[in-house]
Structure formats: C-alpha cells, structure tokens
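Below is one structure, written out as structure tokens, with a few remarks after it.
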There are 2 protein chains.
Amino acid sequence: MKSDSEKQLETRNIKPTAMRELVLKVLSEQTAAISLADLEQKFEKADKVTLYRTLKTFEENKLIHSIDDGTGSVKYALCKETCQCHPEDLHVHFLCTKCKQTYCLTDIPVPSINLPTHFTLENINMVVKGVCSNCPK
Amino acid sequence: MKSDSEKQLETRNIKPTAMRELVLKVLSEQTAAISLADLEQKFEKADKVTLYRTLKTFEENKLIHSIDDGTGSVKYALCKETCQCHPEDLHVHFLCTKCKQTYCLTDIPVPSINLPTHFTLENINMVVKGVCSNCPK
DNA sequence: AAGTTGATGCAACCGAGTTGCAAAGTTATT
DNA sequence: AATAACTTTGCAACTCGGTTGCATCAACTT
Ligand SMILES: [Mn+2]
Ligand SMILES: [Mn+2]
Ligand SMILES: [Zn+2]
Ligand SMILES: [Zn+2]
C-alpha cells in the first residue's frame, strides 16, 4: 500500500526513495520557504549534496519551486498540485526583513507586465521585502 | 572647473576621486546593467576590491542601484537624478536568456501589490526573464 | 610639517552552490 | 539465483562571487 508522499512523488515522475519521502515530508511541514542549509538542519545526519540533488530533482519535476529572495541562499517551497511553473502559475514572494522568513503569497499572482515591443516573456521573479504579520512593527 | 561627473558625485555626497570618476564614466556608457566582474574587465589594471567598494559607496548614496537577476552575479546601473530608491521609484528589470544582458525597463514601474493585512512594504524586486528585442527569436 | 581622515591595493578568507567519483542500492536480463 | 545495467547516495574536493583585514597612500586640517 502506497503512502501519500509516495503517490505525490510518482505523479511528478520522481522515483520515491526513502530519502525523497523524508525530504518531501519536511517540505510539506513548512509554513515558509526553506533553504538547503535549513533543510540540512532538519536532519540528524544527512549529506548536503544528497539533499541538494533531491531538491534539484524535485524542482526539475515541478514538485517544488525555488525562490531567489536576494539573501544569497535560494529557498524552496512546494508547488500546488496543478502547478506547471508557467508565468500564469506564478505568485508573489515576501521576505520579512525582521524574521528573515520567505513566504509564498500564493493568493497574489504576479501582475502581468506590458513589455516593450519584441520582448518575449518566459518567467517572472517578484519578491517583496517588508515586515510580515507575525513580527512587531 | 568641475567636470560633470565630479558634480554628479558631489550631489550624492561622494568624494570625487579619480577612480570614482572613471567608474562613473564606465557606468554611464552602459546600455545594460553591469556586474563587478564586467566592470573589472573594462579596466586595464584595477583592483576588484576597490571597484567593489566603489560600487558599494555608489549604491549607499543612491547613485546606482543593484539588481539581483538570479544569475548569481549582482548587476549595477545608474539611478535617475531624482531617484531615492523608494518603492515608488522602482522599475522592472529584464534578463535576456539569450544574450544574458540585464536591462533597466525604466519606463515600467513595478506594479503596486496589495499585501495581506499587517504586512508592510519596504522594497520590491521584479525581474522578468525572456528574450530581448536585440536577439533573434 | 605633523596629524588626521579616508581611499586604495594586495592577500587571504567565506559560504553557497556544484562536480567527480566510488560505494551502495535498485531494477532488468539471463 | 546470478549477472549486468542503471540510479541514488555519501564523501571530498572545488568553484566563484562576494567580503574582510590590514598596510600603504593620498588628501585635507591644524
Ligand atoms: Mn512560492
Ligand atoms: Mn534598473
Ligand atoms: Zn517576519
Ligand atoms: Zn537579448
């Protein structure tokens, strides 16, 4: 009998190894996006490179998306089931300058932009910085 | 008699050294944003650290702004005279996936976002990826 | 001229990300 | 069941952009 995470991995064509299930579990427990270093610390003993490659695999298969919030370490968060990481799937991200957490504002789609003529669009990264609702003003 | 670049530096409260004038000159000649490594190559013989600190000084004094386009190297471009780098001063940036140039779309202001309640806004980074008008489709 | 301040140059360091390679584990073939 | 082929994992070592420490040099102040 297959676990939920097993199925979740398989629908994204990722072979469900023990390691991958564990990483997926950690990711699904997060309320904010997580860096490779953060992820490493969630495990007693796990190799950074294996986690790194696990995240790469997850990202390539659109199970997660990466967020470059300008802090110097890339964050990762689970995609929605239906997400294909196309421009229309994208949402705004928020980096709190107080608690340094990076949140997916999944309810806020990235606004569409009228590019100059003969520019084509492939992707948009929109990161808002400020103070989040959990932090004192 | 003072040069233009000298005046430009002084209005931003930057002491106009020879080095700084040269860097400002290079920056003002660019049609796209430039990285530290790029800048280094524009000079026969110049220390990376000096250029680095020059850029830092320029940025702190809002003569230039930095752009984290996700390529792993930060780019820099001149601010407009009146720019204070406040959210309302900000514009969209464009990274061409073909020619790898990063452009300031100074005509396209960053759209305003309705953040969730009790979130405050300090800054926005919006980078659009795609193919620019100079590159074949 | 001597003293103070800031700018510059060189070397060395840092950390996030990445690669190479061998060992371990998995799946397919005989 | 044994072998072969392929994938995943773990360790070490490396890359590269950015950064710091410190000595030297230049500019300005008294
Ligand atoms: Mn997200
Ligand atoms: Mn710009
Ligand atoms: Zn916060
Ligand atoms: Zn281009």
Side-chain angles (χ1 to χ4, degrees), chain A residues 2 5-6 9-10 12-26 33-61 63-77 95 100 102 125 127, chain B residues 2-3 5-6 9-10 12-27 33-61 63-77 95 100 102 125 127:
Chain A
K2 286 180 183 173
S5 55
E6 227 171 318
L9 288 167
E10 282 175 350
R12 293 289 191 174
N13 293 310
I14 301 165
K15 202 186 293 182
T17 67
M19 187 78 252
R20 288 171 178 174
E21 288 198 59
L22 285 172
V23 171
L24 176 53
K25 183 160 173 292
V26 170
I34 190 176
S35 70
L36 174 58
D38 295 337
L39 182 62
E40 203 182 354
Q41 291 180 356
K42 303 276 177 184
F43 293 90
E44 272 303 303
K45 170 209 152 290
D47 184 47
K48 188 180 64 152
V49 177
T50 303
L51 296 174
Y52 166 74
R53 290 197 263 236
T54 302
L55 291 173
K56 275 276 148 119
T57 303
F58 283 9
E59 188 180 14
E60 278 163 16
N61 293 280
L63 178 62
I64 64 177
H65 59 280
S66 63
I67 305 140
D68 185 343
D69 59 12
T71 58
S73 57
V74 177
K75 309 293 194 321
Y76 300 87
L95 170 63
K100 315 292 179 200
T102 300
N125 181 34
V127 177
Chain B
K2 287 181 182 174
S3 70
S5 55
E6 229 172 316
L9 289 167
E10 283 175 348
R12 292 290 189 174
N13 293 310
I14 302 164
K15 201 187 292 182
T17 66
M19 188 78 252
R20 287 170 178 174
E21 288 197 60
L22 284 173
V23 171
L24 176 53
K25 182 160 174 292
V26 170
L27 285 169
I34 190 176
S35 71
L36 173 57
D38 294 337
L39 182 62
E40 205 182 353
Q41 291 180 357
K42 301 278 177 184
F43 292 91
E44 274 302 303
K45 170 207 150 293
D47 184 46
K48 187 179 67 152
V49 177
T50 304
L51 296 174
Y52 167 74
R53 289 197 263 237
T54 301
L55 291 173
K56 274 277 148 118
T57 302
F58 284 8
E59 188 180 15
E60 279 163 16
N61 292 280
L63 178 62
I64 63 176
H65 59 281
S66 64
I67 306 141
D68 186 342
D69 60 13
T71 57
S73 57
V74 177
K75 308 293 194 319
Y76 300 88
L95 169 64
K100 315 294 180 200
T102 300
N125 180 35
V127 177

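Per chain, numbering begins at 1; letters A, B, ... match sequence-line order. Keep in mind that the numbers below use all heavy atoms, side chains included, and drop hydrogens, waters and symmetry copies. Since we're looking at a predicted model, the values are computed, not measured.
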Heavy atoms, side chains only, cut-off 4.5 Å: are A:E21 and A:L24 in contact? no
Min side-chain heavy-atom separation A:L51-A:D47 under 4.5 Å: no
What one should report as the nearest heavy-atom pair of B:N61 and B:N13 is OD1-O, 4.1 Å
Indicate the atoms forming the closest heavy-atom contact of A:A77 with A:I67, along with that distance. CB-CD1, 4.2 Å
Between C1' on C:dA16 and CD1 on A:I67, what's the gap in Å once rounded to a whole number? 17 Å
Nucleotide N/O to protein N/O under 3.5 Å, stretch nucleotides 28-30 of chain D:
none

Which part of the nucleic acid, if any, lies within reach of B:T17 when heavy atoms closer than 4.0 Å are counted: base, sugar-phosphate only, or nothing? sugar-phosphate
Nearest whole angstrom, please: distance from the C1' of D:dT8 to the CD1 of A:I14. 14 Å
Could you tell me how far apart A:E21 (CD) and C:dG25 (P) are, to the nearest whole angstrom? 17 Å
Nearest whole Å is fine: how far is C:dG6 P from B:L9 CG? 17 Å
Are B:F43 and B:V26 packed together at the side-chain level, in the sense that at least one heavy-atom pair is separated by less than 4.5 angstrom? yes
Between protein and nucleotides 15-23 of chain D, map the contacts as a letter string: B base, S sugar-phosphate only, - none, heavy atoms under 4.0 Å, written 5' to 3'. --SBBBBB-
Indicate yes or no: at least one non-hydrogen side-chain atom of B:E10 is less than 4.5 angstrom from one of B:P16. yes
Atom CG of B:L55 and atom P of C:dA7: how far apart are they, to the nearest Å? 15 Å
Does some side-chain heavy atom of B:K100 sit less than 4.5 Å from a side-chain heavy atom of B:T71? no
Between A:K15 and A:R20, is there a side-chain heavy-atom distance shorter than 4.5 Å? yes
Nearest-Å distance, CG (B:N61) to P (C:dA7)? 10 Å
Could you tell me whether the side chain of B:E59 reaches within less than 4.5 Å of the side chain of B:Y76, counting heavy atoms only? yes
For B:R20 and C:dG6, give me the distance from atom CZ to atom P, rounded to whole Å. 11 Å
Once you round it to whole Å, what is the distance between P of C:dA7 and CG of B:L51? 15 Å
